[in-house]
Amino acid sequence: SPFYGFFLSKKVDAIDEKSAVKLLARTALVGIKLTDAVVDGVLAKTSCLPLYLQAFGAAAVEFGLLNKKRVIDSKDGGECWRMFFENLFFHFEYLENELGGRKKTAMQAVAQGAQTVSEISALTGLGIPELGSYLSRLCEEGFLQRTEPGKYSFTDPLLKEWILLKIKRV
């Protein structure tokens, strides 16, 4: 709440696939249908996180209405995802700003494909002992996960995509 000078946020976990499909089908209420291929792609990319599902649905509706399209298919997907990232700009900027300094550098390396500590170290120039503490904190904070001993990946694939988009713009 913005009242009394503080804000409350709550993390909402992924929903089941059946509920996610029902949520995406709500675009039909305004006359926009998503093809099965688009729905499957969205489910895979969003990990069924409600914020992302809703944002993609909104982007698809916006795209459909602006372009007078009643059916959103795979050819339209790229533009819908571009609009998705525009609509969630502040969300991803906030997450990225939470990283700060060397943690952000480590995340950029993982986004670019480095998985092991030595690969991340080579891309960042950070020493392995120092890097280990940053990677542990990123795991504790929920940004990264250990996929197997010594290997790391994003917990949020769309945050990874956002970071890659930012790297490409620079």
Side-chain angles (χ1 to χ4, degrees), residues 1-2 6-99 103 106-108 110-115 135-168:
S1 165
F6 68 92
F7 292 89
L8 173 66
S9 67
K10 179 172 174 33
K11 182 178 190 253
V12 179
D13 291 326
I15 60 177
D16 64 89
E17 193 172 297
K18 184 178 177 183
S19 297
V21 170
K22 283 174 68 175
L23 184 62
L24 290 171
R26 294 182 59 84
T27 60
L29 296 175
V30 292
I32 307 293
K33 180 183 179 339
L34 305 176
T35 64
D36 290 343
V38 169
V39 170
D40 291 343
V42 171
L43 295 177
K45 230 174 177 178
T46 63
S47 302
C48 294
L49 293 169
L51 171 66
Y52 294 162
L53 293 166
Q54 290 173 342
F56 185 87
V61 166
E62 183 181 0
F63 175 82
L65 294 175
L66 286 172
N67 294 285
K68 297 180 176 30
K69 291 198 74 166
R70 295 293 176 206
V71 177
I72 305 299
D73 58 29
S74 297
K75 294 178 288 192
D76 306 317
E79 188 60 21
C80 290
W81 283 112
R82 185 191 64 73
M83 294 172 98
F84 165 91
F85 281 111
E86 279 181 11
N87 292 343
L88 286 181
F89 174 84
F90 292 112
H91 167 72
F92 287 110
E93 280 291 309
Y94 173 79
L95 290 177
E96 188 180 1
N97 289 335
E98 286 291 300
L99 297 170
K103 288 193 299 185
M107 288 285 283
Q108 289 171 334
V110 176
Q112 293 175 70
Q115 292 183 327
L135 293 171
S136 291
R137 277 190 261 163
L138 286 165
C139 288
E140 289 167 12
E141 294 167 1
F143 290 105
L144 293 179
Q145 61 189 352
R146 284 187 183 92
T147 54
E148 54 188 78
K151 285 194 172 184
Y152 296 86
S153 68
F154 276 77
T155 56
D156 181 344
L158 291 169
L159 176 59
K160 174 185 176 179
E161 201 166 317
W162 169 260
I163 290 172
L164 288 172
L165 287 170
K166 296 270 305 242
I167 290 170
K168 288 178 188 174

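All figures in this text were calculated on a predicted structure; none of them were measured in a lab. We number each residue from 1, following the sequence as shown.
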Of Lys103, Met107, Glu96, Arg137, which meets side chain to side chain contact (heavy atoms under 4.5 Å, CB included) against Phe143? Met107

Could you check whether any side-chain heavy atom of [X] comes within less than 4.5 Å of a side-chain heavy atom of [Y], counting everything from C-beta outward?
X: Leu99; Y: Leu138; answer: yes
X: Phe154; Y: Leu144; answer: yes
X: Leu158; Y: Lys45; answer: yes

Please report the shortest heavy-atom distance between [X] and [Y], naming the atom on each side.
X: Thr155; Y: Pro157; value: O-CD, 3.6 Å
X: Leu164; Y: Ala111; value: CD2-O, 3.3 Å
X: Cys80; Y: Ile72; value: SG-CG2, 3.8 Å
X: Leu135; Y: Ala106; value: CD2-CB, 4.4 Å
X: Ser47; Y: Ala14; value: O-CB, 3.3 Å

Donor + acceptor pair across side chains of Gln145, Ser153 (<3.5 Å): yes

From [X] [atom1] over to [Y] [atom2], what is the distance, rounded to the nearest 0.5 angstrom?
X: Phe56; Y: Phe85; atom1: CZ; atom2: CZ; result: 10.5 Å
X: Ile15; Y: Leu49; atom1: CD1; atom2: CG; result: 9.0 Å
X: Gln54; Y: Thr46; atom1: CD; atom2: OG1; result: 11.0 Å
X: Lys69; Y: Asp76; atom1: NZ; atom2: CG; result: 3.5 Å

May I have the list of side-chain donor-acceptor pairs in residues 25-43 shorter than 3.5 Å, sequence neighbours left out?
residue : atom : partner : partner atom : Å
Thr27   : OG1  : Leu24   : O            : 3.1
Thr27   : OG1  : Ile32   : O            : 2.8
Thr35   : OG1  : Val38   : N            : 3.4

Name all pairs fulfilling the salt bridge (Lys or Arg N to Asp or Glu O under 4.0 Å) condition that reach into residues 78-93, sequence neighbours left out, sorted by first residue then second. Glu79-Arg82, Arg82-Glu86, Glu93-Lys166

Mind checking ring pair (Phe, Tyr, Trp, His ring centres under 6.0 Å) for Phe84 and listing every partner two or more places apart, or none if nothing turns up? Tyr52, Trp81

Decide side chain to side chain contact (heavy atoms under 4.5 Å, CB included) for Arg70 and Leu65; before the verdict, give the C-alpha distance in whole Å, the side-chain angles of both, and the deciding distance to 0.1 Å. CA-CA 8 Å; Arg70 295 293 176 206; Leu65 294 175; 4.0 Å; yes

